[in-house]
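First the structure, in the form of structure tokens, and then the observations on it.
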2 protein chains.
Amino acid sequence: METSETTAISDLWEMLQQGPRRTLAQAAVDEFGKRGFHATTTRHIAERIGMSPAALYIHYPSKADLLFTIAKIGHEAVLNESLAAVEGISDHHERVLSFVRTFTAWHAVNHLLARVIQYELHSLQPDHLKEIAAIRRRTADFAAEEFRHLVSDTSKLRMRTVACLSLSIDVARWYVPGKSPAPEELGAEYAQLVIAMLRS
Amino acid sequence: METSETTAISDLWEMLQQGPRRTLAQAAVDEFGKRGFHATTTRHIAERIGMSPAALYIHYPSKADLLFTIAKIGHEAVLNESLAAVEGISDHHERVLSFVRTFTAWHAVNHLLARVIQYELHSLQPDHLKEIAAIRRRTADFAAEEFRHLVSDTSKLRMRTVACLSLSIDVARWYVPGKSPAPEELGAEYAQLVIAMLRS
DNA sequence: AACAGCTAACTAAGCGCTTGCTTACCTTGC
DNA sequence: GCAAGGTAAGCAAGCGCTTAGTTAGCTGTT
């Protein structure tokens, strides 16, 4: 075959056509994810890709805007992958399994990006945060809608949704590539745990 | 009665006798918790308690040392409260319930301090981190030992321990005092979820 | 009662350095 | 010859932290 099957999997950065804008964003994710937004300087990011600090400002108006771009791409990616994960599945139980597997594995594979989008919200400018919050709400609402079919007591749906998402999101905090379980393994195991939580 | 019963509950800051050293630490927790360590300046902390930035350096050798002091107090507090929660209880099931209730409620009540000790580890100096990591290991080992009695498949103990602790730790990320459930209510609910996860 | 002597606690001012970002200029491929 | 994409140098502002000096309260002696 001409193109491998893996390239067919949605590329996180597809909305940024390849070029210096994408290279900068990817470098920034690594730095922001490891040190945090405020501890990372424009010199750190530039140094990592062998450019001068001034290069950043050709492609982004500010460091804050670079963070916003990353946050937007990350949040849209995790939402789209979640929606795609349940597409074509009719059984409620299977839909939840597939969603949690994907959502969890995403936070393991992209744990540096996940750290940025989950733990750097307070570093966003107010207008940027507002736009990001809207995407987050869509993701949370989607999860609650999927979980609803497995929770008998409706009054507990909200708290359980938060709890189930917590499980996967917190993966970004502790995940260490070589040391932690493989993303798919983790996703499969966590999917079982979420089912247990929802049905209890 | 002369002294109220509530004052008998272990004070987080008891190892810092009351005075400017404690006042500074408490102010720093609020600022670090809301904005993050690197986004917080010594001027922010000083302003909050109506002092000059120089006052900090009479009581702490550096901003980094102030973070370390906070991290140490926080980690020791959560460990001690966890140990105290199971004291005198013999039934394994009841011990786990009490531990998770306490551990979860602590992260809700002290969510700003919890954010600092859980999400600012990378802001600690290497030597400081080493000392903090030792306390964290004791807490994790304690939890695993308690959970062991409820997990039938021993090979899954490690991953499930991480998952169960994740649930409570992540509370610090999203908890909003007036809006979120009361700490005890949350603790009781999460304790049930942890039991469901461990037994599944 | 008066007062020197000491200490703990604090401030005003500012130093040296780093930060995000700008400017003026250079290079390369069409 | 002209965009597109880059750099070297550096600016204004803000950073952690220091210095020199002030203030309030306690203590022992007369």
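Protein chains get the first letters and strands the later ones, always in sequence-line order, with residue 1 at the start of each. None of these values were measured; they are calculated from a predicted model.
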Mind checking side chain to side chain donor-acceptor pair (under 3.5 Å) for B:Glu47 and listing every partner two or more places apart, or none if nothing turns up?
-> none
Would you please classify the geometry between the A:Phe142 ring and the A:Phe99 ring as parallel, tilted or perpendicular, with 30° and 60° separating the classes?
-> perpendicular
When rounded to whole Å, the CG to P distance for the pair B:Leu67 and D:dG16 reads 13 Å
What about B:Arg43, does its side chain sit under 3.5 Å from the base of D:dG16 through a donor-acceptor pair?
-> yes
Cut-off 3.5 Å, no hydrogens considered: what does the side-chain donor-acceptor table look like for residues 179-188 of chain B, sequence neighbours left out?
from	atom 1	to	atom 2	distance (Å)
B:Ser180	OG	B:Val176	N	3.0
B:Ser180	OG	B:Val176	O	3.3

For the pair made of CE in B:Met51 and C1' in D:dC17, what is the distance, rounded to whole Å?
-> 17 Å
For A:Leu56 and D:dG6, what is the distance between atoms CG and C1' respectively, to the nearest whole Å?
-> 13 Å
Euclidean distance, atom CD1 of residue A:Ile58 to atom P of D:dG6 [Å, nearest integer] | 6 Å
Closest nucleotide of DNA chain C for B:Gly50 versus for A:Ala64: which of these residues is on the 5' side?
-> B:Gly50
Remember a base hit wins even if backbone is also touched, and classify A:Gly19 as base, sugar-phosphate or nothing at under 4.0 Å, heavy atoms.
-> nothing
Within the structure shown, what part of the strands sits under 4.0 Å from A:Thr40 by heavy-atom distance: base, sugar-phosphate, or nothing?
-> sugar-phosphate
If you look at every strand shown and take non-hydrogen atoms under 4.0 Å, does B:Ser52 touch a base, only sugar-phosphate, or nothing?
-> base
Spacing of A:His44 atom NE2 relative to C:dC21 atom C1', expressed in whole Å = 17 Å
Expressed in angstrom and rounded to an integer, what is the separation of B:Glu47 atom CD from C:dA12 atom P?
-> 12 Å
Interatomic distance where NZ belongs to A:Lys63 and P belongs to C:dT22 [whole Å] | 14 Å
Over 60° means perpendicular and under 30° means parallel, so classify the ring planes of B:Tyr175 and B:His111, tilted if in between.
-> tilted
